[in-house]
Amino acid sequence: MTGWVKHLNANRIIIVDDELVNDEFMISVLEMAVPSHMTLNIYNAETAIDILNAISNDGKNDQIIILVKSPIPVLKMLEGRVVFDELTIGGMGVNENRSRLYRNLAASDKERKAFQQINTIGLPIHIQVLPNDAPMELMPLL
């Protein structure tokens, strides 16, 4: 994450996770891990839509990293008219609901459909684990 913060010159991290928003212990752990010059916010998808739309209209030039565990909240935010430049996938690990797409990237059927819908909307989707890695198109892997 440190590499991405420097690469993007980010000053804010927003995590969008409907479950994490209610986990006070994990929130405190994450708050301690964020560099002191940065702001960390954790929202559910609905609140994130309101916040991100307000941010895009406030005229400030914040460099924000938005973190999600899957493409599903991204699709919800796009449907809520949140504007993104691109979607970069750094890793989605294998679990009982996911099958491997590429290296450390796995997705469930529902997540694959969300990626396809995001692509249809026109948001570029790339795989790029580290800032120095060459971005790779996701869609041919689906």
Query raised in the report: Side chains of N44 and T47: do they bring a donor and an acceptor to under 3.5 Å?
Result: yes
**Report entry** Close side-chain approach of H126 to E86, heavy-atom, < 4.5 Å
**Finding:** yes
Report task. Using salt bridge (charged side-chain N to carboxylate O under 4.0 Å, His left out) as the criterion, list what pairs up with R112, not counting sequence neighbours. Result -> none
Requested in this report: Could you tell me the separation between the CG atom of L40 and the CD1 atom of I65, rounded to the nearest 0.5 Å?
Outcome: 11.0 Å
Requested in this report: Report yes if some heavy atom in the side chain of S108 is under 4.5 Å from a heavy atom in the side chain of M92; otherwise report no.
Outcome: no
Query raised in the report: To the nearest 0.5 Å, how far apart are CD1 in I127 and CG in D133?
Result: 11.0 Å
Query raised in the report: Is the number of heavy atoms from other residues, nucleotides or ligands within 6.0 Å of CD (E79) greater than 12?
Result: yes
Requested in this report: Flag the pair L105 / L138 as yes when at least one side-chain heavy-atom distance between them is below 4.5 Å, and no otherwise.
Outcome: yes
Query raised in the report: Below 4.5 Å, heavy atoms only, C-beta onward: do I66 and I64 meet side chain to side chain?
Result: yes
Report task. Decide yes or no for I49 and R81: does some side-chain heavy atom of the first lie under 4.5 Å from some side-chain heavy atom of the second? Result -> no
Query raised in the report: What pairs of residues pass the side-chain hydrogen bond (donor to acceptor under 3.5 Å, both in side chains) test when at least one of them lies in residues 16-40, not counting sequence neighbours?
Result: D17-K69
Query raised in the report: Around D85, counting heavy atoms of other residues, nucleotides and ligands shown, do more than 12 lie under 6.0 Å from its CG?
Result: no
Report summary line: For R12, the side chain to side chain donor-acceptor pair (under 3.5 Å) test, sequence neighbours excluded, returns N41
